[in-house]
Amino acid sequence: MSADSVAVFRIGFGLLAVYSSVRFLAKGWVDSLYLEPEHHLTYPGFGWVQPWPSPWLHLHVAVLALLGACIALGYRHRLAAALFVVGFAYTELIDAALYLNHYWYVTLAGLLLVLLPVHHRWSLDSRQGRVMPARFVPAGVVWALRAQIAVVYLFAGVAKLNGDWLLRAQPMRLWLADRTHLPIVGSLLDEPVLAYAASWAGAFFDLTIVGWLLWRRSRPWAYGTVVGFHLITGVLFQIGVFPWVMIVGTLVFFAPDWPGRLWSTSSAPTPKPLMAKSGEVARVAKPVVVVLIVLALLELALPLRHYAYAGNVRWTEEGYYWSWRVMVTEKAGYAEYRITDPATGHTWQASPRLVLTDWQAEQAAVRPDLIHATAHLLARHYRDQGVPDVEVRADVWVSMNGRPPHPIVDPTVDLAARPRTPTPAGWILGNFGPP
Amino acid sequence: MRQAWALAVAAVLMAACGGGTPSRSSVLGDLADGFIVPAYQQLQSDAAALEESVSDLCGALDSASLAGARDALAATRRSWSRTEAVWVGPVMDRRSWAAVRWPVADQEIEDLIADTSIELDYERLSSRIGADQRGLGAVEYVLGAGDEALSALEDPRRCQFLTGVAEVIANEADQLGEDWTVGWEEGDPYRDQFGDAENDGIDSVVNDTLFLLEAITDLELGNALGAMSREADPTAIDEGPAGAGVDDLRHRLDGARAVLVGAGDDREGLSPLLGGELTERLVEQFNAAYGAVDSVQPPLRQAVVNSPETVIEARDAIKVVQITVATEVVSRLGVVIGFSDADGDSSG
């Protein structure tokens with residue numbers, strides 16, 4: 001297949017990496033999200049990942065922008081992409097309260113850019129002789145990138161097949177009612193019928209868009225829908241660069257030679273269809289194929305792992321990370337912790353804000369794994385204050401998708417004594433239907 | 001087919017032109033007109049009456065004038081308490097609490113009055129002394145609880161201090177009233193800016209109500225009862241010699257209730273955006289909280305020590321309201337707690 005579209009994918013990815021990193025710096029998020037919190041809500045097993053001190057973390061993000069530029073230019077691409085993936089994953093691992101599905105997509109797509117020969121076309125590497133220029137790539141390269149996007153949409157669509165989304169139009173009703181101030185359409189947004197229509201349309205879009213993009217006859221319309229859908233969600237919801245990531249990424253569903261044909265229609269007569277000759281096809285090494293297969297299996301397993309846990313994953317969030325449950329739940333919570341000094345038997349209440357910032361506390365009030373992490377941070381806080389081995393219990397009420405608040409954590413369990421592992425927690429209360 | 005399209009277009013136009021939930025801007029405007037502006041105007045009027053009554057007291061040191069001044073003080077304190085749920089805009093910008101009410105340091109006040117080298121004029125009292133030497137707490141300290149205040153006020157510097165502090169309070173309240181109704185920061189009255197703020201207006205008022213409820217349950221009652229630390233600390237309640245802590249609770253709850261579901265039975269405040277079921281549940285929760293607060297025997301600091309179970313019951317009842325606001329109200333209104341502007345694509 002023509003290497004044109006994967007080259008465009010690489011260039012688009014690199015430019016978005018530059019934009020995203022610069023935006024992160026410009027908004028001051030390096031300080032507010034990484035450096036200002038005294039503690040971070042780490043992932044189990046990744047407590048050792050801590051932010052560099054200032055100004056090194058600023059430099060780190062600036063280097064990510066630089067690496068994005070290298071990826072776009074195809075300059076020492078593999079090294080740049082590998083460093084980008086490691087550097088980006090590092091920033092994502094610092095605080096689990098910052099988890100975003102689209103950051104996970106960026107990590108995986110970046111990994112594919114490391115593994116796949118996407119830098120043999122329209123790159124400085126090929127121009128300067130570091131890699132063989134190639135106008136073609138094996139079809140598997142294009143399909144691997146398409147599959148990566150398909151995984152996002154399909155699992156996001158499957159996640160919407162639940163009673164709240166389809167039968168109660170929640171959380172869409174809550175979200176749209178919150179946007180009635182928007183001009184022209186604002187007055188319509190609190191109409192229940194619109195919330196139902198948007199919910200069903202959203203599920204239909206996610207579940208079928210890959211098929212429409214693959215079918216040549218529907219592809220232009222499908223891509224127009226992709227652009228429209230993501231632009232609308234970008235206006236309605238604060239989801240950062242995600243719409244642009246998908247708008248750029250889905251271009252890979254067009255015929256692989258579309259960039260060349262687009263270029264030629266605007267500047268030169270249409271060339272004859274190209275045929276790959278020996279030496280013009282960038283190769284994929286066999287070990288890379290094995291890694292890709294393992295990665296594919298992992299990507300299928302991760303979103304399904306919640307079946308290994310009891311309860312509704314949208315409530316318990318066990319198996320929630322890396323499963324493409326994009327914008328399917330609205331939760332608001334209130335958490336307070338009871339500290340018991342076993343030496344004296346005295347119990348007192350502690351606010352999570354003793355150890356967390358506001359934005360961390362907001363996330364830690366609705367996500368059981370973060371509630372657990374907060375309990376451990378509180379235990380450490382009191383240990384540092386000379387009160388060792390305190391017991392930490394949590395009273396946490398959560399409202400999910402507009403329901404009345406419900407306790408989410410067994411208030412009798414000493415969370416500080418429970419190790420943080422991926423095994424079923426056993427202390428999460430309540431359930432709201434099947435996953 | 002053509003008829004079906006016509007019906008669909010008509011339905012959309014009807015939906016667009018009215019019906020359904022009122023707009024956030026109109027709800028905020030109604031909240032401002034129905035509660036916030038009248039609350040600040042009440043404060044304005046009560047603070048002016050306080051200034052006048054202490055002036056009268058210093059002109060005629062007798063029991064009737066002293067009682068009048070104390071009544072005016074209680075009224076101003078009540079109206080200030082009612083505004084606490086709507087500390088948004090001017091009051092935050094001006095840091096009005098530093099002029100109107102802040103926990104006072106009695107000895108600092110005595111030292112200030114005793115130091116004759118210091119002129120107790122308006123300029124000094126409004127901007128060159130600590131917040132713990134002025135405000136309603138300072139007036140209350142000087143007016144005391146018994147008749148001995150009359151003899152103490154025979155010291156002209158004491159009266160000068162009292163009238164000066166009352167003037168600072170009145171001017172601050174006056175400024176707040178004007179900010180809301182006449183103009184703010186050389187622009188439109190804050191009432192209009194608040195109404196136009198849409199989601200920011202909702203965020204600010206819900207966050208402030210939540211902060212107020214948290215201050216009551218955790219910072220004050222929680223600390224006083226020893227629920228928040230290893231030792232009970234009744235001084236966490238800023239009550240004053242008159243022991244008005246329970247009265248304060250009631251009026252602060254009045255403010256929170258007015259914001260969320262309206263002050264009376266008309267279901268005003270933010271209730272048009274909350275929906276009937278949640279509104280009625282909040283009303284019930286507020287009624288339970290009022291009932292529990294009414295069961296506390298004033299003064300509050302003593303109740304914490306002598307009958308802590310009544311204070312615990314009041315705290316628990318207020319906490320029920322707090323939890324509903326922190327979860328359902330926040331969720332229903334899409335409120336951002338703490339104003340984080342980070343992206344999010346996972347869950348609420």
Side-chain angles (χ1 to χ4, degrees), chain A residues 27 29 32-33 98-102 171 174-175 177-181 185-188 190-191 193-194 237-242 314 317 320 325-334 336 341 344 346 348-351 357-359 361-362 365-367 387 397-405, chain B residues 11-12 15-25 196-202 207 210 214 217-219 222-223 225-232 273 275 277-278 281 319-320 322-348:
Chain A
K27 283 183 171 278
W29 286 348
S32 62
L33 302 181
L98 292 172
Y99 171 78
L100 292 181
N101 289 291
H102 73 265
L174 294 172
W175 290 337
D178 183 30
R179 283 145 182 91
T180 50
H181 61 285
V185 296
S187 58
L188 290 170
D190 60 356
E191 291 299 324
V193 67
L194 190 73
F237 309 113
Q238 193 167 340
I239 48 180
V241 297
F242 180 68
R314 288 175 295 117
E317 306 214 7
Y320 197 97
R325 294 178 180 277
V326 187
M327 306 284 291
V328 291
T329 312
E330 172 67 29
K331 282 178 171 176
Y334 174 82
E336 58 189 35
D341 180 355
T344 62
H346 187 69
W348 64 96
Q349 183 191 316
S351 165
T357 61
D358 280 355
W359 62 265
E362 190 179 352
V366 297
R367 288 157 60 174
V387 194
W397 293 264
V398 173
S399 166
M400 184 173 89
N401 291 346
R403 290 183 177 82
Chain B
V12 168
C17 294
T21 313
S23 73
R24 291 181 169 226
S25 151
D196 293 341
E198 302 277 2
N199 286 348
D200 286 345
I202 301 263
N207 268 287
L210 200 50
E214 192 175 318
T217 58
D218 291 348
L219 299 182
N223 277 315
L225 288 162
M228 304 299 294
S229 63
R230 279 168 280 174
E231 284 178 21
L273 301 173
E277 192 273 329
L278 177 54
R281 197 143 36 83
K319 183 140 269 184
V320 171
Q322 184 185 341
I323 290 168
T324 303
V325 176
T327 56
E328 274 189 280
V329 171
V330 161
S331 173
R332 194 69 58 92
L333 299 178
V335 169
V336 178
I337 303 285
F339 303 100
S340 163
D341 66 346
D343 295 335
D345 73 358
S346 305
S347 63

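Residue numbering restarts at 1 for every chain, and letters A, B, ... go by the order of the sequence lines. Just so it is clear, the structure is predicted and the values come from calculations on it, not from any experiment.
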Exercise for the section: Please report the C-alpha distance between R332(B) and D178(A) in whole Å, then the side-chain angles of each, then the deciding distance to 0.1 Å, and finally whether the salt bridge (Lys or Arg N to Asp or Glu O under 4.0 Å) criterion is met. Expected result: CA-CA 8 Å; R332(B) 194 69 58 92; D178(A) 183 30; over 6 Å; no
Problem - Worked check of side chain to side chain contact (heavy atoms under 4.5 Å, CB included) between D218(B) and S351(A) - result: CA-CA 9 Å; D218(B) 291 348; S351(A) 165; 5.6 Å; no
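With a 4.5 Å cut-off on non-hydrogen atoms, V193(A) does not touch chain B at all. Proximity to chain A is limited to the backbone of S229(B), based on heavy atoms less than 4.5 angstrom apart.
A salt bridge between E328(B) and R403(A) is absent, with no side-chain N of the basic residue lying under 4.0 Å from a carboxylate O of the acidic one.
When all heavy atoms of H346(A) and G226(B) are compared, the pair lying nearest together is NE2-O, 4.1 Å. A332(A) approaches V330(B) most closely through the heavy-atom pair CB-CG1, 4.1 Å.
How far OH of Y334(A) is from OG1 of T324(B): 11.5 Å, rounded to the nearest 0.5 Å. To the nearest 0.5 Å, atom OG of residue S399(A) and atom CG of residue L278(B) are 9.0 Å apart. We find the CD-CD1 distance between E336(A) and I323(B) to be 6.0 Å, quoted to the nearest 0.5 Å.
Contact annotation: the side chain of W348(A) never approaches that of E231(B) to less than 4.5 Å [non-hydrogen atoms, C-beta and beyond]. Between R281(B) and P404(A), some side-chain heavy-atom pair lies under the 4.5 Å cut-off.
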